Enquirer: 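Sharing a structure with you now.
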Amino acid sequence: MDTRHSIRADRGMVRRVRIATWNVNSLNARVGRVERWLKTFEPDVLCLQETKLADDAFPALAFEALGYESFHHGQGQWNGVAILSKVGLDDPIGGFGDGADPDVDARIAWATCGGVRVASCYVPNGRSLDHEHYQYKLRWLDRLAGDLDGQCDPGDDVVVVGDYNICPADMDCWDPKAFATQTHTSQAERDKLAALEAWGLVDVFREHHDADRLYSWWDYRGGNFHKKMGLRIDLLMTTQSVADATRVALIDRNERKGPKDDPPSDHAPVFIDVER
DNA sequence: ATGGTCGTTTGACGA
């Protein structure tokens with residue numbers, strides 16, 4: 001077959017790896033949307049958060065039918081993270097890989113996909129600044145930094161993606177003043193993100209959108225999505241080598257739309273295309 | 001926006 005003018009063949013020649021992250025707010029409720037999104041966007045790696053499934057309920061066969069290997073770290077009911085890959089999935093770890101006591105929640109999974117060390121993270125929400133859960137959030141981020149340093153070198157190809165529940169800067173929040181007394185924008189949280197950056201990670205989406213007020217999460221309530229009242233909290237933190245090779249970074253905000261009988265997650269997928 | 005909505009679930013509670 002003559003494929004000289006085949007867009008498919010051309011795309012094959014531009015070797016790229018598409019890496020995506022999406023908090024699906026229950027995979028049971030969203031599996032149809034995830035399958036559809038995989039078919040449309042054909043990511044090489046998709047990291048999921050808030051699957052809210054036990055491991056034995058994870059629909060691995062549905063993803064396998066679309067060409068994806070998968071690894072799920074769940075607990076049932078709440079939390080739960082996964083990594084889907086069609087470029088290999090090696091050395092998976094459910095939870096922190098630091099050998100210390102298991103986390104009380106299923107919030108991180110690791111795997112190596114196509115030579116890239118990948119972490120899918122669901123950072124604790126924190127609830128409120130005076131809540132114990134906020135201290136758990138800060139400790140969790142410290143532990144993430146330690147786990148990252150234990151497994152990876154800043155010179156490696158590494159992506160630590162997911163729902164960070166942190167706005168990196170005020171421009172990532174629809175109304176910083178309204179959040180001044182809330183979680184997600186506090187200095188202590190941003191300091192933890194800064195520690196990851198000091199180690200060698202880059203907020204690669206922001207590098208490609210230096211002045212855009214774009215969000216990845218909108219509260220279900222009050223029509224916030226339509227009022228552009230959102231936060232950018234779903235981040236792809238990558239080492240410099242990955243950031244340097246990233247050609248495109250996008251939020252698929254269309255995926256936040258949908259009818260009552262096919263409701264969206266409150267988060268939109270975010271992805272990067274990395275040239276190899 | 002101090003919840004008007006979703007998800008877990010059939011009680012509130014978490015986000």
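It should be emphasised that the depicted structure is a prediction, and the values quoted were computed from it without experimental measurement. Letters A, B, ... are given to chains in the order of the sequence lines, protein chains preceding strands, and every chain is numbered from 1.
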Enquirer: In whole Å, what is the span from the NZ atom of A:Lys177 to the P atom of B:dT2?
Expert: 17 Å
Enquirer: Would you mind reading off the distance between A:Asp266 atom CG and B:dT8 atom P, rounded to a whole angstrom?
Expert: 12 Å
Enquirer: Starting at the 5' end of DNA chain B and moving along, which residue's nearest nucleotide shows up first, A:Asn224 or A:Asn79?
Expert: A:Asn224
Enquirer: Rounding to a whole Å, what distance do you find between A:Gln49:CD and B:dA15:P?
Expert: 15 Å
Enquirer: Just to verify, what does A:Asp273 make a side-chain contact (heavy atoms from CB on, under 4.5 Å) with, not counting sequence neighbours?
Expert: A:Arg16, A:Arg18, A:Val248, A:Phe271
Enquirer: For the pair made of CD in A:Glu50 and C1' in B:dC13, what is the distance, rounded to whole Å?
Expert: 14 Å
Enquirer: Quick one: closest heavy-atom pair of A:Gln182 and A:Ala178, and the distance?
Expert: NE2-O, 2.7 Å
Enquirer: Using heavy-atom distances to pick each residue's nearest nucleotide on DNA chain B, tell me which of A:Gly126 and A:Asp175 is more 5'.
Expert: A:Asp175
Enquirer: Just checking A:Lys260: base, sugar-phosphate only, or nothing, at a heavy-atom cut-off of under 4.0 Å?
Expert: sugar-phosphate
Enquirer: For B:dC13 versus B:dG3, give the span between their P atoms, rounded off to a whole number of Å.
Expert: 15 Å
Enquirer: Measure OH/A:Tyr220 against P/B:dA15 and give the value in whole Å, please.
Expert: 14 Å
Enquirer: Quantified in whole Å, what is the C1' atom distance between nucleotide B:dT2 and nucleotide B:dG7?
Expert: 22 Å
Enquirer: Which is true for A:Tyr122 with a 4.0 Å heavy-atom rule: it touches a base, it touches only sugar-phosphate, or it touches nothing?
Expert: sugar-phosphate
Enquirer: How many Å lie between CZ on A:Phe179 and P on B:dT2, as a whole number?
Expert: 10 Å
Enquirer: Closest approach to the side chain of A:Gln77, judged atom by atom: which nucleotide of B:dG7, B:dT8, B:dA15 is it?
Expert: B:dT8
Enquirer: Other residues, nucleotides and ligands only: do more than 12 of their heavy atoms fall within 6.0 Å of CZ on A:Arg276?
Expert: no
Enquirer: Just the rounded figure in Å: distance from C1' of B:dT2 to CG of A:Asp219.
Expert: 13 Å
Enquirer: Establish, with yes or no, whether the OP1 or OP2 oxygen of B:dC6 is under 4.0 angstrom from a side-chain nitrogen or oxygen of A:Arg30.
Expert: no
Enquirer: Between B:dA15 and B:dT9, how far apart are the P atoms? Round to whole Å, please.
Expert: 15 Å
Enquirer: Is it possible for you to say whether A:Phe63 and A:Val87 belong to one hydrophobic cluster, with membership spreading through side-chain heavy-atom contacts below 4.5 Å?
Expert: no
Enquirer: Looking across every strand, which nucleic acid part, if any, lies under 4.0 Å from A:Trp78 by heavy atom: base, sugar-phosphate, or nothing?
Expert: base
Enquirer: What is the distance, to the nearest angstrom, from the CE atom on A:Met229 to the C1' atom on B:dA15?
Expert: 16 Å
Enquirer: Looking at A:Lys177 and A:Asp175, is any side-chain nitrogen of the basic one under 4.0 Å from a carboxylate oxygen of the acidic one?
Expert: no
Enquirer: Side chain of A:Arg221 only, heavy atoms from C-beta on: which candidate in B:dT5, B:dG7, B:dG14 is closest?
Expert: B:dT5
